[in-house]
Amino acid sequence: MRVSVAMATYNGIAFIQEQLDSIRTQIRCADEVIICDDCSTDETASLVEKYILEHQLTASWKLIRNEQNLGYADNFHKSIAMTTGDVVFFADQDDIWMKDKISACLDVLEAHPEIQMLTTDYEPYYCSEDAPVIAENVLQRMTGDDRLVPIPLNQHNVYIDSEGCTMCIRKSFWNRISEYWFPGWAHDEFVWKMAVAEGSAYCYHHVTLKRRLHSNNVSKRKMRDRMKRAAFFETLEKSHGQMLAYLTACGGTKQNRRLLKRNISAVSKRVKLMKDRNVLMVFPLLFRLGTYQYKKSFPVELKMALRGAPKKHAGGER
């Protein structure tokens with residue numbers, strides 16, 4: 001199987017050198033590395049360009065400089081779409097791959113043709129005092145014991161539960177699901193939802209990289225702004241809808257379709273609560289707390305909706 005690596009870069013000068021080294025020195029080298037730089041304002045693109053020349057990688061590594069900033073999600077989508085290998089590995093710009101990342105995952109894929117998306121364990125690598133901390137329950141799940149475990153469609157797995165940097169997919173799977181993607185949908189959540197919907201997602205409990213954690217980790221930022229949270233829920237509602245559409249196309253069960261419809265209904269009400277400050281949504285949401293990824297979000301969002309909401313005064317508005 002031919003192996004491609006897809007990487008999206010943006011202002012990654014601080015850490016990208018180590019990541020490039022770890023990809024280049026794999027036990028089983030990639031046949032192709034596609035790097036899309038999203039108009040970095042530092043020297044990231046120049047460093048990558050120089051790296052490719054110095055290590056004589058021009059035949060297999062390619063740097064694409066975007067003419068305009070696409071944003072994280074669309075830039076990663078572009079890099080994956082440009083790959084030509086049978087298997088595509090997703091690479092963040094700031095991690096460090098273990099020497100056997102590619103070879104270990106390929107062994108699993110070759111032995112299990114039913115797997116379309118494979119995710120793995122990782123080792124947290126904290127690089128700043130204000131870096132986000134990985135929750136203890138997440139660390140406990142990453143057993144590193146080389147078990148291969150299917151990821152079923154259930155309420156927990158409606159939400160992405162793995163890091164994109166640990167994922168690899170078959171390109172034929174990407175081609176099959178590409179029509180369901182929409183601009184702004186993160187690549188890792190996209191392939192997670194589609195693979196879980198068709199029953200082809202698996203976790204390989206093997207540590208394949210050091211996950212660098214620092215103050216600028218995009219995926220770890222919390223949404224404290226009401227309108228940003230509303231926008232996130234609008235995207236989530238749309239992604240749930242696409243997951244349902246693909247599940248239906250795959251002949252998914254009535255029970256699983258009902259599960260997704262319930263989630264779509266709940267997130268639609270969360271949009272109204274956040275965006276319109278429609279506190280009437282609180283009551284139906286109380287009966288849909290089971291659809292929340294984190295139930296503690298309910299009081300947080302209620303407080304956000306109430307904060308600064310228009311107040312009614314006796315004698316009419318002022």
Side-chain angles (χ1 to χ4, degrees), residues 2-24 26 29-97 101-102 105 117 119 160 163-175 177-192 194 209 211-212 214 216-221 235:
R2 290 187 71 254
V3 173
S4 296
V5 174
M7 180 188 290
T9 62
Y10 179 73
N11 289 356
I13 195 71
F15 305 119
I16 195 171
Q17 174 82 44
E18 286 184 281
Q19 174 67 310
L20 296 176
D21 286 341
S22 71
I23 293 172
R24 178 178 58 83
Q26 286 287 296
C29 293
D31 300 289
E32 173 186 67
V33 178
I34 302 294
I35 304 171
C36 288
D37 185 76
D38 204 20
C39 303
S40 291
T41 58
D42 64 7
E43 296 301 314
T44 297
S46 296
L47 185 151
V48 172
E49 191 171 53
K50 182 178 179 182
Y51 189 94
I52 291 173
L53 291 173
E54 286 185 347
H55 293 280
Q56 301 179 345
L57 299 169
T58 53
S60 56
W61 289 41
K62 186 175 183 180
L63 170 67
I64 296 90
R65 295 175 183 251
N66 293 342
E67 294 183 1
Q68 60 184 22
N69 184 274
L70 301 179
Y72 173 77
D74 290 15
N75 189 38
F76 230 121
H77 181 273
K78 177 180 177 179
S79 66
I80 297 167
M82 292 184 68
T83 61
T84 62
D86 301 302
V87 176
V88 183
F89 286 78
F90 303 160
D92 285 355
Q93 64 184 1
D94 50 4
D95 299 326
I96 302 174
W97 286 11
K101 177 175 171 66
I102 291 178
C105 291
M117 189 277 291
T119 183
I160 184 171
E163 298 288 348
C165 58
T166 71
M167 295 178 180
C168 63
I169 61 170
R170 297 186 193 271
K171 187 62 184 292
S172 57
F173 168 65
W174 175 270
N175 293 337
I177 65 175
S178 60
E179 65 181 283
Y180 293 89
W181 181 81
F182 57 85
W185 191 1
H187 66 291
D188 48 1
E189 185 189 27
F190 170 53
V191 300
W192 172 278
M194 298 294 106
L209 74 152
R211 173 81 171 104
R212 194 187 297 270
H214 51 86
N216 293 325
N217 285 113
V218 172
S219 60
K220 298 300 179 183
R221 294 172 184 165
T235 299

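Values reported hereafter were calculated over all heavy atoms of this structure, with side chains retained and with hydrogens, waters and symmetry mates removed.
- The backbone N or O of F15 sits nowhere less than 3.5 Å from a side-chain atom of Q93 that would complete a donor-acceptor pair.
- Summarising the local packing, CD of Q56 is surrounded by 12 or fewer heavy atoms from other residues, nucleotides or ligands at distances under 6.0 Å.
- When the shell of 6.0 Å around CD of Q17 is examined, it contains more than 12 heavy atoms from other residues, nucleotides or ligands.
- Using a cutoff of 4.0 Å between basic side-chain nitrogens and carboxylate oxygens, R212 and D95 are not scored as salt-bridged.
- Considering every non-hydrogen atom in both D38 and Y10, the closest pair reads O-CD1, 3.2 Å.
- Taking CH2 of W97 as the start and CG of L20 as the end, the distance is 10.5 Å to the nearest 0.5 Å.
- The shortest distance between side-chain heavy atoms of D86 and K171 does not fall below 4.5 Å.
- Note that the OG1 atom of T83 and the CZ atom of R2 stand 9.5 Å from one another [nearest 0.5 Å].
- Classified by interplanar angle (parallel below 30°, tilted 30° to 60°, perpendicular above 60°), the ring pair Y51/H55 is tilted.
- Relative orientation of the F76 and F90 rings is perpendicular, given thresholds of 30° and 60° on the angle between their planes.
- With hydrogens and angles ignored, the 3.5 Å screen pairs no side-chain donor or acceptor of K101 with any backbone N or O of L209.
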Worked verdict on W181 versus D74 for side chain to side chain contact (heavy atoms under 4.5 Å, CB included):
CA-CA 10 Å; W181 181 81; D74 290 15; 3.5 Å; yes
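- Distance check: L63 CG to L57 CG gives 12.0 Å after rounding to the nearest 0.5 Å.
- Across all their heavy atoms, F190 and Y180 have their closest contact at CE1-C, 4.0 Å.
- Within the model, atoms OG1 of T9 and CZ of R65 stand 9.5 Å from one another, a figure rounded to the nearest 0.5 Å.
- With hydrogens and angles ignored, the 3.5 Å screen pairs no side-chain donor or acceptor of D92 with any backbone N or O of D94.
- At distances below 3.5 Å, not a single donor-acceptor pair connects side-chain atoms of D188 with backbone N or O atoms of M167.
- Looking only at side-chain heavy atoms (C-beta outward), F182 and H77 stay at 4.5 Å or farther from each other.
- Residues D31 and V3 come closest through the heavy atom pair OD2-N, 2.7 Å.
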Between S46 and E49, does the side-chain hydrogen bond (donor to acceptor under 3.5 Å, both in side chains) criterion hold? Intermediate values first, please.
CA-CA 5 Å; S46 296; E49 191 171 53; 5.3 Å; no
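- In this structure, the side chains of R24 and D21 come closer than 4.5 Å at one or more pairs of heavy atoms.
- More than 12 heavy atoms of other residues, nucleotides or ligands lie within 6.0 Å of NZ in K78, so this atom counts as buried by the packing criterion.
- Put simply, CD1 on I23 and CD1 on I102 are 7.5 Å apart, with the number rounded to the nearest 0.5 Å.
- Annotation for A6 and V88: closest pair CB-CG1, 4.0 Å, computed over non-hydrogen atoms.
- Each of I13, N11, N69 was scored for a side-chain contact (heavy atoms from CB on, under 4.5 Å) with S40, with one residue passing: N11.
- For the atom pair CZ of F173 and CE of M194, the computed distance is 7.5 Å after rounding to the nearest 0.5 Å.
- With S4 contributing its side chain and G85 its backbone, the two residues share a donor-acceptor pair below 3.5 Å.
- Residues V48 and I16 share a closest heavy-atom pair of CG2-CD1, 3.7 Å.
- Inter-residue side-chain proximity for S22 and Q19 is flagged as met; some heavy-atom pair is nearer than 4.5 Å.
- Using a distance-only test at 3.5 Å, with no hydrogens or angles considered, no donor-acceptor pair links the side chain of N66 to the main chain of C39.
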